[in-house]
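Here's the structure, in structure tokens; my notes come after.
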Amino acid sequence: MADVMTTPPRLTLDIEQPQGDFKLAVRLDLPGDGVSGVFGASGSGKTSLLRVIAGLDRPQQGHIKLGQQVLLDTQRGIFTPPHQRRIGVVFQEARLFPHYCVRGNLTYGMPHPAPGRLAEIVELLGIEALLTRMPGTLSGGEARRVAIGRALLSEPQLLLMDEPLTGLDGPRKEELLRYITRLTQQVDIPVVYVSHDAEEITTIADHLVVLKAGRVEASDALHTLLHRFDLTHGLGGFDAASLLEGEVVAHDHAYGLTYLALDDEHRLTLPGTAAPIGSRLRLRILARDIALALTPPPGTSYRNQLDATIVDTAVLPEAPHTVELRLRIGTRFLRARLTRKSWDDMGLAKGMNITALIRSVSFNPL
Amino acid sequence: MSLSPAEWEAIRLSLLIGLAAVAWILPLGIGVAWLLARHEFRGKAVLDGLIHLPLVLPPVVVGYLLLVALGRQGVIGAWLYSTFGLSLPFTWQGAAVASGVMAFPLLVRALRLSLEAVDPKLEAAASTLGAGRWRVFTTITLPLAVPGLLTGTVLAFARALSEFGATITFASNIPGETRTLPLALYTLIQSPGQESAAARLCLIAVVIALISLVASEWLARRTRQRLQERDG
């Protein structure tokens, strides 16, 4: 297919849909590339929003546009049915067709035969061995992977994923999350990813929408929202985290370590990864995993000692005895959390230069 | 035991009329069952009631109503005759219409139940994969409803085979045209001294019924097995 569009198509919508005593009223403008996470507690309207975007529900009022295409405009009476939207959906419960084998499921939505494309997706998802199996014989994780492949092969312009990790146990969850992360990096389709799990969504999203009681509480780049103190409670609370991204510059195979450059001056030491030199890694760092020192301490096991400046602080009403901090490291920002006692004892203040300490073993590179 | 030409004739007519009846009500039944199973519309209760009428009305009444509607002087019948030169009463086609109408509710009930059992979530998934209504129906809904489709078809066929009242009222009892097994048996019972011939026909009816029962049981088991293989 010829690539005519130079800018990826944004998804813009403004819809209202009452459902009993609940009302979904959402106005959004989502980027046309990368992963947009939709985060919220259950009952916040995430799945309803997804159904409206896919065309499975018809809102009472509003409009939806994907790039230049009008998918819905209630005033002009426009409603594009789901099968003409070219929007792929990965549902919570896989929803494989029980009377087709895995291959039949995968090819069901393919607009035209494309063996190369099929082979590529099958390989990407690691489902070669499953092709002749019937869906009833698959495990939960396998079924989800097939469902993802099926949606991708229908050549969607947008992929919606509704809590695709639901019901999987720890290791299976991590495995599938890794597949999805890899896929969102390799397949050039914008993704809207719905989840109620803060860790999951901060792992995968670039852009984040926070839904609360059917309304948009916040919508912005993920790293921006992670630094908003007022969203701490919703986005992880005790497990509040921020992200650092850097380039892999070296591996120490003897000690099993990987070195990541944040910029010219700041380097991090992490547990060894298989990521090739020059590739980019995203790290999720819990605020509570960071310690502060007034000067670089000698003789410590903290492998990462970074010069940092305190740029913002807050004491949250739900945690009156801890202090939330935002640190600047070069051009990056990092969240940290201290007890109020440490804060007072060390005489810390906004604008002070300090050293941020992070243990290498606290990193879990994605 | 060799069969007489008259007996062969009755068997042939019974099977022909039974198959023809099933053939014309099957597509219609699938459509109506789908409407009832998947859609809400005004007059749904009325349609549902109309379909079930043959199940509760005396068959003679159904035959009479058919005569009123499809007879040469009937509203539809007159039109059929003037447009296509087609006349249904007193023909085997007419018998197929009558027994089809009588079997229709059984077919629709079985089909509707199995269509309702198909998960609409699968249909929604198919539509997000680019399948329009027709493709969703033919590739997802209908194949998953096959067990009900089979049961309904066998049931309808059996009902059409045994149809008596509506057929004799609408299509009459004409040897070689509309005299099916039940009608031939009735004729024999009416005439004195035919007890042994009647007993023979009775036996044939039992054998045919048994064969279709066994066949349907075998078909049902086979589809169940195939579905189980699929489910693992």
Side-chain angles (χ1 to χ4, degrees), chain A residues 47 50-57 71 80-102 104-112 130 132-139 142-143 146-162, chain B residues 26 30-31 33-35 37-42 110-153 219-232:
Chain A
T47 298
L50 218 65
R51 291 182 58 84
V52 164
I53 297 174
L56 296 172
D57 281 333
L71 300 179
T80 309
H83 69 276
Q84 285 166 6
R85 291 198 178 189
R86 291 187 52 219
I87 294 180
V89 186
V90 177
F91 298 92
Q92 239 177 69
E93 341 77 5
R95 298 196 191 180
L96 298 180
F97 305 134
H99 55 306
Y100 285 99
C101 65
V102 167
N105 270 281
L106 287 173
T107 54
Y108 186 89
M110 288 175 78
H112 40 79
L130 311 177
T132 56
R133 300 255 297 270
M134 294 311 283
T137 68
L138 302 179
S139 72
E142 289 169 338
V146 174
I148 294 169
R150 181 176 72 172
L152 279 177
L153 284 165
S154 69
E155 292 190 9
Q157 337 172 52
L158 174 69
L159 185 63
L160 309 179
M161 301 181 99
D162 188 6
Chain B
L26 200 52
I30 290 173
W34 179 70
L35 262 181
R38 282 287 184 265
H39 297 270
E40 292 306 321
F41 52 90
R42 275 176 65 180
L111 264 175
R112 181 181 175 178
L113 278 178
S114 57
L115 286 178
E116 277 172 350
V118 174
D119 190 352
K121 288 176 170 179
L122 294 178
E123 297 170 330
S127 73
T128 65
L129 291 167
R133 267 188 175 197
W134 179 246
R135 180 154 183 245
V136 171
F137 180 71
T138 53
T139 60
I140 307 295
T141 320
L142 199 55
L144 289 174
V146 159
L149 183 72
L150 281 177
T151 322
T153 308
L219 263 177
R221 200 177 315 144
R222 233 187 68 148
T223 43
R224 223 177 301 132
Q225 265 170 6
R226 280 182 53 197
L227 281 175
Q228 267 163 11
E229 273 165 37
R230 284 162 177 167
D231 289 346

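Chain naming here is simple, since letters A, B, ... match the order of the sequence lines and numbering starts at 1 in each.
- With a threshold of 4.5 angstrom between heavy atoms, A/Y108 approaches chain B through its backbone and through its side chain.
- Sorted by first and then second residue, the pairs that involve residues 114-150 of chain B and meet ring pair (Phe, Tyr, Trp, His ring centres under 6.0 Å), not counting sequence neighbours, are B/W34-B/F137.
- Residue with the most contacts toward chain B among A/M110, A/Q84, A/R95, A/E93: A/R95 (heavy-atom pairs, distance under 4.5 Å).
- Judged by distance alone, the side chains of B/R135 and B/T139 never bring a donor and an acceptor atom under 3.5 Å apart.
- No other option in B/S127, B/G132, B/A124 has as many heavy-atom pairs under 4.5 Å with chain A as B/S127.
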Please list every donor-acceptor pair under 3.5 Å in which a side-chain atom of residues 113-121 of chain B meets a protein atom from a residue at least two apart or in another chain.
residue : atom : partner : partner atom : Å
B/S114  : OG   : B/A110  : O            : 3.3
B/S114  : OG   : B/L111  : O            : 3.1
B/E116  : OE2  : B/R112  : NE           : 3.2
B/D119  : OD1  : B/K121  : N            : 3.0

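- Inter-residue side-chain proximity for A/F91 and B/T128 is flagged as met; some heavy-atom pair is nearer than 4.5 Å.
- With a 4.5 angstrom heavy-atom cutoff, A/L153 does not touch chain B via any of its atoms.
- No donor-acceptor pair closer than 3.5 Å links the side chain of A/D57 to the backbone N or O of A/R51.
- Proximity to chain B is absent for every atom of A/R85, based on heavy atoms less than 4.5 angstrom apart.
- Residue contact with chain B, scored on non-hydrogen atoms closer than 4.5 Å, involves the side chain of A/L56 exclusively.
- For the pair A/H83 and B/R133, the minimum side-chain heavy-atom distance is 4.5 Å or more.
- If you measure heavy-atom distances from A/R150 to chain B, the contacts under 4.5 Å come from both the backbone and the side chain.
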